[in-house]
Number of protein chains: 2
Amino acid sequence: MATTGHQQANQKQPPPAKAPSGHATTAPGTTPERLFNAFNAHAQTAAIKTAVELEIFTAIAEGKTSPSAVAQRCDIAERGARILCDFLTIHGFLTKTGANYGLAPDSAMFLDRHSPAYVGSAIDFMLSERVMEAHAKLTDAVRSGRSALGEAALEPENPIWLRFAEAMAPLTMMPAQGAAAELRRSGEVHKVLDIAAGHGIYGIAVAQQNPKAQVYAADWKNVLTVAQRNAQKAGVADRYHLLPGSAFESDFGHDYDLVLIPNFLHHFDLPTCARFLNKVHGALAADGRAAVIEFVPNADRVTPPSAAGFSLTMLAMTPSGDAYTFAELEKMAKDAGFTRVEISPVELGVNRLVVAYK
Amino acid sequence: MATTGHQQANQKQPPPAKAPSGHATTAPGTTPERLFNAFNAHAQTAAIKTAVELEIFTAIAEGKTSPSAVAQRCDIAERGARILCDFLTIHGFLTKTGANYGLAPDSAMFLDRHSPAYVGSAIDFMLSERVMEAHAKLTDAVRSGRSALGEAALEPENPIWLRFAEAMAPLTMMPAQGAAAELRRSGEVHKVLDIAAGHGIYGIAVAQQNPKAQVYAADWKNVLTVAQRNAQKAGVADRYHLLPGSAFESDFGHDYDLVLIPNFLHHFDLPTCARFLNKVHGALAADGRAAVIEFVPNADRVTPPSAAGFSLTMLAMTPSGDAYTFAELEKMAKDAGFTRVEISPVELGVNRLVVAYK
């Protein structure tokens with residue numbers, strides 16, 4: 001029988017806390033095991049990063065399912081293969097039957113290099129040295145209320161955004177097609193601006209679903225080489241135009257019927273976002289829309305977990321960014337002159353689509 | 001109503017994998033969210049470490065439950081307090097009601113500095129720079145099958161063991177009392193040896209539960225200062241004796257009726273453990289017992305999760321250590337000359353008690 005230790009791990013967790021205030025509610029039988037596991041959570045990151053780097057998931061997908069076969073395929077020690085694969089089984093990313101490993105459905109779809117939905121490259125950005133350093137200095141960030149790394153990432157042509165564009169494109173394919181389909185329901189668009197396009201995947205998806213659309217991609221010049229390459233691959237290069245420079249300073253032109261703002265606002269504070277949205281407002285045609293794709297926590301700021309948890313990433317990585325609630329996004333858009341702001345019920349992975357009407 | 005985002009996080013995970021082999025079993029509706037969360041697992045470590053360092057749990061236990069009250073008590077930014085506490089709520093370590101936070105039962109018992117069961121100091125060892133470096137180099141360790149750090153930790157008087165002794169004592173109190181009670185059931189002991197005593201908590205618990213016992217603590221000289229201090233605090237210093245030096249080389253003496261070997265064997269390979277147990281065998285009286293306290297995974301090596309997962313820690317941190325199954329512990333003890341080996345049904349936190357009879 002296949003074993004997934006992950007289930008047992010969950011069963012060991014104590015029931016959710018019910019304490020309504022700060023008073024300690026110690027309970028007999030309470031153990032420190034869950035805290036011990038949280039102290040060790042970094043090992044899960046290390047294990048999955050190592051497995052992606054060494055192509056463990058790809059090896060198992062190829063039928064190399066024993067420690068010795070994995071070791072031979074990946075050019076690693078058999079002891080290393082056995083211990084790493086056991087750890088990935090404990091956490092539910094692999095299954096184990098006897099001494100042979102299998103892939104969990106999400107590992108098979110997203111971490112096998114031969115899968116069209118492979119997203120393993122995301123670790124190059126999500127677990128870059130910069131990200132790890134920022135989290136190593138989280139205590140300083142909580143003390144000061146801002147990243148301990150300074151503002152370097154927001155400077156012109158920082159190579160981190162080139163890495164973002166190259167690493168994060170695969171993870172964005174499905175959400176981008178979903179956003180483009182949802183936006184298409186309100187009618188075809190003809191002139192589209194994609195802000196901080198990065199890999200360009202959002203604007204390219206809109207180009208694919210709107211055959212007459214001309215798409216203008218704004219980002220640092222070095223990053224736009226990635227977007228242009230992706231536009232060529234997608235067969236929309238003849239309708240794809242580059243606007244290199246700072247999104248805050250460059251001239252966008254005007255008469256856009258759609259401006260895409262995917263995962264951009266969370267880097268800045270609310271007044272800066274409002275000022276930026278005012279610039280977007282000016283670039284839109286009279287019946288134009290701005291489409292904000294963002295991590296949008298509920299008003300409680302603790303659900304849904306992935307969107308709400310992104311706030312800590314912004315504390316660690318930026319001077320004053322955040323994961324904004326819908327009420328905050330609505331306020332900044334209205335402060336910028338938009339008349340109506342709506343959140344789409346469609347879920348784009350861990351993101352949501354918020355549309356602001358001019 | 002109190003919200004714990006943790007529950008939702010679990011609900012979002014896909015069902016456990018059923019694939020019996022390496023064949024990919026992609027399923028419609030499979031999302032990368034769980035993998036994305038695993039990439040980000042290190043943030044959970046960073047958040048709980050930061051919260052312990054800044055005494056966030058202690059502040060909330062004192063009734064400072066709003067972001068501004070936490071910020072004032074902990075001398076941190078209110079934005080930092082709010083985002084960190086939200087993140088801890090998402091992962092179930094805090095609760096949130098309106099804008100006020102509360103403690104989960106295990107956070108209240110183990111992470112409030114005023115609690116007698118406080119274990120926050122464990123991060124000084126479990127998340128030391130050495131541990132973080134070892135996990136940052138996990139890919140190298142899996143490749144070579146041994147820690148990328150070399151053998152330095154096993155050298156004489158390495159300060160890491162002083163830190164271990166100081167940081168890990170609180171986490172050990174309950175398991176040590178449990179082990180001593182279980183061992184006491186077979187009769188009172190009089191001469192006890194505690195191997196690599198560290199904080200000394202296991203030997204001290206035996207001394208407390210056996211009023212006539214003389215306890216000999218073996219460890220590096222620098223580490224034994226911590227054990228001696230703990231013996232004084234526990235009121236057993238007059239029956240507590242120090243045996244400084246390497247456990248492999250020093251003269252233990254003889255006629256012990258109990259030798260404690262708590263969390264020591266996992267640092268070494270199986271033949272080394274067998275040789276060491278043979279030395280212990282020689283130091284025991286004719287009816288003596290060796291009590292091995294260890295992480296003991298089941299034969300499948302993936303359950304129970306915390307014990308089985310410890311194998312990765314040993315891959316990252318040691319040249320050839322491991323979390324040994326009962327069959328392996330039994331083999332090394334029998335190779336060393338012991339006649340009978342039993343595992344106690346008692347659970348000592350994430351450890352188990354294995355008794356080898358001479």
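A note on names: the letters A, B, ... follow the listed sequences, proteins ahead of strands, and every chain is numbered from 1.
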Could you go through A:L315 and A:V142, starting from their C-alpha distance and side-chain angles, then the distance that decides it, and tell me whether this counts as side-chain contact (heavy atoms from CB on, under 4.5 Å)? CA-CA 8 Å; A:L315 174 64; A:V142 171; 3.8 Å; yes

With side-chain contact (heavy atoms from CB on, under 4.5 Å) as the test, would you mind laying out the steps for B:R352 and B:F295 before giving the verdict? CA-CA 6 Å; B:R352 296 294 294 272; B:F295 296 84; over 6 Å; no

Given A:L111 and B:L35, is the side-chain contact (heavy atoms from CB on, under 4.5 Å) satisfied, shown in steps? CA-CA 9 Å; A:L111 298 179; B:L35 306 175; 3.8 Å; yes

Report the C-alpha separation of A:T325 and A:E328 in whole Å, then their side-chain angles, then the decisive distance to 0.1 Å, and conclude whether the side-chain contact (heavy atoms from CB on, under 4.5 Å) test is met. CA-CA 5 Å; A:T325 63; A:E328 289 170 327; 3.3 Å; yes

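In the model, B:S107 has no side-chain atom that pairs as donor or acceptor with a side-chain atom of B:D112 under 3.5 Å. In the model, A:D124 has no side-chain atom that pairs as donor or acceptor with a side-chain atom of A:S121 under 3.5 Å. Counting only N and O atoms by type, the side chains of A:N298 and A:T303 include a donor and acceptor under 3.5 Å apart. No hydrogens or angles considered: nothing links the side chains of B:D86 and B:T89 as a donor-acceptor pair under 3.5 Å.
In terms of non-hydrogen atom pairs under 4.5 Å with chain A, the most contact-rich of B:N40, B:D322, B:V131 is B:D322. Comparing B:M314, B:M132, B:K137 by heavy-atom pairs within less than 4.5 Å of chain A, the highest count is held by B:M132. Counting heavy-atom pairs under 4.5 Å between each of A:M174, A:H135, A:K49 and chain B puts A:H135 at the top. Most heavy-atom pairs under 4.5 Å with chain A, from the set B:E53, B:Q44, B:H114, B:M126: that is B:M126. With respect to chain B, the highest number of heavy-atom pairs below 4.5 Å among A:A46, A:P32, A:G145 belongs to A:P32. The candidate with the highest count of non-hydrogen atom pairs below 4.5 Å against chain A, out of B:I48, B:I83, B:V52, is B:I83.
Neither the backbone nor the side chain of B:A134 comes within contact range of chain A, judged by heavy atoms closer than 4.5 Å. For A:L54, the part sitting under 4.5 Å from any heavy atom of chain B is the side chain, from C-beta outward, and nothing else. For A:A81, the part lying near chain B is the backbone, with the side chain staying farther off; criterion is any non-hydrogen pair under 4.5 Å. If you measure heavy-atom distances from A:F87 to chain B, the contacts under 4.5 Å come from the side chain alone. Contact annotation for A:F93: both backbone and side-chain heavy atoms come within less than 4.5 Å of a heavy atom of chain B. With a 4.5 Å cut-off on non-hydrogen atoms, A:S144 touches chain B through its backbone but not through its side chain. A:I56 does not touch chain B: none of its heavy atoms, backbone or side chain, sits under 4.5 Å away. At a 4.5 Å heavy-atom cutoff, the contact between A:L127 and chain B is made by side-chain atoms alone. Residue contact with chain B, scored on non-hydrogen atoms closer than 4.5 Å, involves the backbone and the side chain of A:L138 alike.
Considering every non-hydrogen atom in both A:A141 and A:S147, the closest pair reads CB-CA, 4.2 Å.
Ion pair B:R146/B:D140 not flagged as a salt bridge, since none of the NZ, NE, NH1 or NH2 atoms sits closer than 4.0 Å to an Asp/Glu carboxylate oxygen.
For residues 307-317 of chain B, no residue pair satisfies the salt bridge (charged side-chain N to carboxylate O under 4.0 Å, His left out) rule, not counting sequence neighbours.
Inter-residue side-chain proximity for A:L312 and B:L84 is flagged as met; some heavy-atom pair is nearer than 4.5 Å.
Relative ring orientation between B:F310 and B:H266 is described as perpendicular, the plane-to-plane angle rising above 60° on a 0-90° scale split at 30° and 60°.
Residues of residues 66-76 of chain A having a heavy atom under 4.5 Å from any heavy atom of chain B, listed by number: A:D75, A:I76.
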